[in-house]
Amino acid sequence: MIQLFMPLNFLGFVYREIRQSLANIERLFGLLEKPVQVEDRPDAPDLEVTSGQVRFEQVAFHYQPERPILADVSLEIPAGHKLAVVGPSGAGKSTLARLLFRFFDVTDGRITIDGQDIREVTQQSLRRAIGVVPQDTVLFNSSIRYNIAYGDPEASEEAILRAVHLAHLDDFIERLPDGLDTVVGERGLKVSGGEKQRIAIARMLLKDPPILVFDEATSSLDSGSEKAILQALNEVSARRTTLVIAHRLSTVKDAEQIVVLDQGRVVERGTHRELLARNGAYARLWQHQQEHEPTTANASPNAGD
Ligand code: ADP
Ligand code: MG
């Protein structure tokens, strides 16, 4: 018996080791979030962005059937406008961004861009149209230049430098041994969460897409850079369709439309003033954050960076 078990155990060990290293590789490339079942339809046309209107129509979604994540979510972001989604952690906010980027397909309902169901168009054209600044940016083990120009290998030096400047990365890059050619990532220079976010912002600025998604895009920045970056983000998003996901309400209180998501459902929507006047979920979140969380006005200078 023992002789039979030994090799099986050993094989089990090898199998686990291989699985683990594959998982690490997948994580590095952000593939864990991207299941293989999302495929282009045969002969799918490219998405044609005419004005950039985004609609979620009665969207439902689950990762596993026994655990619904989103239910009956309807949102409309008129072309060139901004919509903010707020809500407690785990509400399903990042899932909305993943669905728009089509990392997963909706379970029910549909998502359209300028009237085209995003399942009907090529993923490549969809992803070209959308720039995401994610919650956790994974950097490639490569130069900063590569990490910024990723997606546009023909980007000019001038365009890269402009994106670097708008993302407030000039000082950071000036301090590096090889400037833009310094290698960063797991096996290169360590960069802070705030610097990673600014690299992601520069990447998005260079890509210059018609639709923008910021998923807690300034959450790892200290209050000083947060203010400057928010201003830069506001400038780029001025005439573009923008979905802003925020934990800190102070960063979105000027949005034209705020949607409050709780346990996968839209529980309130309106402007900051309207939502405060309702005295409901948003007002409670706002009150809580005023009391417990550092805001741009009173945060310690190094918070989170
Ligand atoms: P939020 O961004 O509002 O904090 P998320 O959209 O990230 O929330 O997550 C919503 C829920 O879905 C959470 O309960 C989370 O644990 C779950 N979830 C997120 N990603 C996955 C996944 N890949 N597989 C299974 N469950 C997930
Ligand atoms: Mg999230």
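Bear in mind the structure is a predicted one, so any value in this text is a computation, not a measurement. Just follow the structure's listing: the first ligand is 1, and inside any ligand the first atom is 1.
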Judging by distance only, is a nitrogen or oxygen of [X] under 3.5 angstrom from one on ligand 1?
X     : answer
Ala91 : yes
Lys93 : yes
Ile69 : no

Check: So do Asp108 and Gln58 actually touch side chain to side chain, heavy atoms under 4.5 Å?
Finding: no

Item checked: Asp262 side chain near Pro88 side chain, heavy-atom distance below 4.5 Å -> yes

Checklist line | Hydrophobic cluster identity match, Phe140 and Val183, side-chain contacts under 4.5 Å | finding: no

Show the atoms of ligand 1 that are less than 4.0 angstrom away from any heavy atom in [X].
X     : result
Arg67 : 13 (C), 14 (O)
Ser94 : 1 (P), 2 (O), 6 (O), 7 (O)
Arg98 : 7 (O), 19 (C), 20 (N)
Gln64 : 25 (C)

Checklist line | Option nearest atom 4 (O) of ligand 1 (shortest heavy-atom distance, choices Gly90, Gly87, Pro68) | finding: Gly90

Check: Does Glu216 come within less than 4.0 Å of ligand 1, judged by its heavy atoms?
Finding: no

Check: Is it true that Ser89 lies under 4.0 Å from ligand 1, counting heavy atoms only?
Finding: yes

Notebook entry, point to check: When Asn147 is tested against each of Ile199, Leu180, Val138 for side chain to side chain contact (heavy atoms under 4.5 Å, CB included), which residue passes?
Noted result: Ile199

Next item on the list: If the plane angle is over 60° it's perpendicular, under 30° parallel, otherwise tilted; pick one for Tyr63 and Phe61.
Entry: perpendicular

Margin query: Run the salt bridge (Lys or Arg N to Asp or Glu O under 4.0 Å) test on Glu157 and Arg145 for me, step by step, so that the C-alpha distance in whole Å, both residues' side-chain angles and the decisive distance to 0.1 Å come before the verdict.
Written below: CA-CA 9 Å; Glu157 181 78 8; Arg145 182 193 305 278; 2.5 Å; yes

Notebook entry, point to check: Which is it for Glu57 and Arg110 under the salt bridge (Lys or Arg N to Asp or Glu O under 4.0 Å) test, yes or no, and what are the steps along the way?
Noted result: CA-CA 5 Å; Glu57 298 174 9; Arg110 61 178 203 147; 2.9 Å; yes

Item checked: Test: Arg265 and Asp72 ion pair at under 4.0 Å -> no

Notebook entry, point to check: Is Ser89 close enough that one of its N/O/S atoms sits under 2.8 Å from the Mg ion (ligand 2)?
Noted result: no

